[in-house]
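Every chain is numbered from 1 and lettered A, B, ... according to where its sequence line falls, protein lines coming before strand lines.
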Number of protein chains: 2
Amino acid sequence: MGATAGGGNQGRTLDRALDVLECLERARGPLRLSDIAREADLHLATTQRTVNQLVRRGYVQQGRLGYSLGPVLLSLAHAFVVHDRMSTVAPPVLTELSATTRLTSSVYVRSGDERILVARVSGADPLRYQFPIGRRVPLDVGGGKVLLAALPDEEIEEYHRRSPETTLASGRVQTLEELRADVERVRRNGYHLAESERELGALSLTLPVHDADKEIAGAINLVTTTDVTGADELLAWLPELSRGAGAIGVRI
Amino acid sequence: MGATAGGGNQGRTLDRALDVLECLERARGPLRLSDIAREADLHLATTQRTVNQLVRRGYVQQGRLGYSLGPVLLSLAHAFVVHDRMSTVAPPVLTELSATTRLTSSVYVRSGDERILVARVSGADPLRYQFPIGRRVPLDVGGGKVLLAALPDEEIEEYHRRSPETTLASGRVQTLEELRADVERVRRNGYHLAESERELGALSLTLPVHDADKEIAGAINLVTTTDVTGADELLAWLPELSRGAGAIGVRI
DNA sequence: GAGAAACTATCACCCAATGATAGATGGTGG
DNA sequence: CCACCATCTATCATTGGGTGATAGTTTCTC
């Protein structure tokens, strides 16, 4: 399902290898060679060569029940976290933000048709067992709309054409009209207030983060639940959140 | 590489792409296209195609000053951490271990000629600013010798031939004889006590972690400093550490 | 111990990766 | 303001390596 689908096939080998990796990323557990071949739509022999090579390099590991991602990916992520501007700048800002608001604060960056959580500080309980950093989330639900709004209209339409069936937490499918309306609202107001979009009962306030050249670099948000905080109450934190976005922006 | 003799170069494309990634991993900052080409010993055109493809996929990102690793690697690492047995099993054990000993405890796994830190809980201050998970460390200094000791002698010699000039924290170069002696001691005692090997003034006690099939799966250790704890005092924690290794082993 | 599934190995074909070269872009300093 | 250098992009003929069909070997399952 990766980029290998189109007609202009260029860079097939690498694309296929990355498809294999991302297929293992999506998998809920270890995958057999044939599973990978089917899932990534590759010939078994090709899959074998690719997977073995990834195993040799530590990007994939082989266990009793099949193949899964390998520890080298931890090393690469470590290098990313240590050097990336956003990953180093955001945490202290979020720490302060969560201290004053007592809410969970996060920073996302866009990556293709998704956004990735690069920093988070939780409000109430300071430690979270399973750390969520690195999680992929859709662009067109919740705070992702802030990142979408920065794109030209035609790209948004293309995006919607690629994944038209995004269902909100309520179970309803979001129409293109609704998405367009939300995007317009974001562009007008400069923020997005989402209620039960990605998760039922979740309430989030999201702002874009702009770098020194006014280019969008990510999105920062506060999350809470409807039963604890009201929408107006969350909106009251808008100045604080805006200061946080600015603080990150200038340091990038 | 020794799989089929005579063929020599197999799977060139993917290997080169991974070389590019790991060259960016080692880099201290963003790299220019020509830097990558030189560093990875590739033709500029090849580098360009590869890097652009990695950028398209989010594995590499392009900034003002050059190329660096991309946020997709965070996602892959996230999937690894969530699913990998060692990564999920070790943390609670280390938490308990660090609570009773008041020392920093860690778990490493071998990956090629290095070991990778997959879990750590610090003793004194509960939160560490820059998280070290994913860090690559040599196999032949400190606790790495426990992982080396599990390899057949000939592989250890091969390893030493590949990287013969490992300098300890003291500044001295470790000879093959010293390494062999340490490995023998590990095999006899079942643990390794390292003083100022990787870092000056550091004192560490490391044990192997075996899975249900008695195969080595990693290494667990306690770290402290010579000015706070004596060697005998650290060795007193051997039973506790051994229980931790066992607890992890059975759950893998 | 029979059967199936998972993985490995082999090989001829031919397409896609390769690398030399030329062109576009942009930033810097005189 | 222009000349210069560096970075990145684009093009294209060549050929080497990736591809996929098939057969072989190992490992698990019943």
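- Whole-Å rounding puts the L44(A) CG to dT10(C) C1' distance at 14 Å.
- The CG atom of L33(B) sits 16 Å away from the P atom of dG26(C) (whole-angstrom rounding).
- Of the possible polar contacts, none joining the R135(B) side chain to the I116(B) backbone as a donor-acceptor pair under 3.5 Å is found.
- Tested against P71(A), the residues V81(B), V109(B), D84(B) include a single side-chain contact (heavy atoms from CB on, under 4.5 Å) partner, V109(B).
- Rounded to 10°, the helix from dG1(C)-dC30(D) to dG30(C)-dC1(D) has 60° between the axis fitted to its first five pairs and the one fitted to its last five.
- Here R64(B) lies out of heavy-atom contact (under 4.0 Å) with every strand.
- In this structure, H43(A) places its NE2 atom 13 Å from C1' of dA23(D), rounding to the nearest Å.
- If you check distances only, the side chain of R49(B) does reach the base of dG19(C) with a donor-acceptor pair under 3.5 Å.
- The interatomic distance linking L65(A) (CG) with dA5(C) (C1') rounds to 14 Å, in whole Å.
- Minimum atom distance to the side chain of Q48(A) is reached by dA9(C), of the listed dA17(C), dA9(C), dA6(C).
- Residue-environment remark: CZ (R180(B)) exceeds the threshold of 12 foreign heavy atoms within 6.0 Å.
- Not a single donor-acceptor pair under 3.5 Å links the side chain of T206(B) to the backbone N or O of I220(B).
- In this structure, D35(A) atom CG and dA5(C) atom P are separated by 13 Å, rounded to whole Å.
- For the pair R12(A) CZ and dG20(D) C1', the interatomic distance rounds to 10 Å; values are reported in whole Å.
- Note: CD (Q62(A)) to P (dC28(D)) measures 11 Å, nearest angstrom.
- With hydrogens and angles ignored, no donor-acceptor pair under 3.5 angstrom links the side chain of R16(A) to the base of dG18(D).
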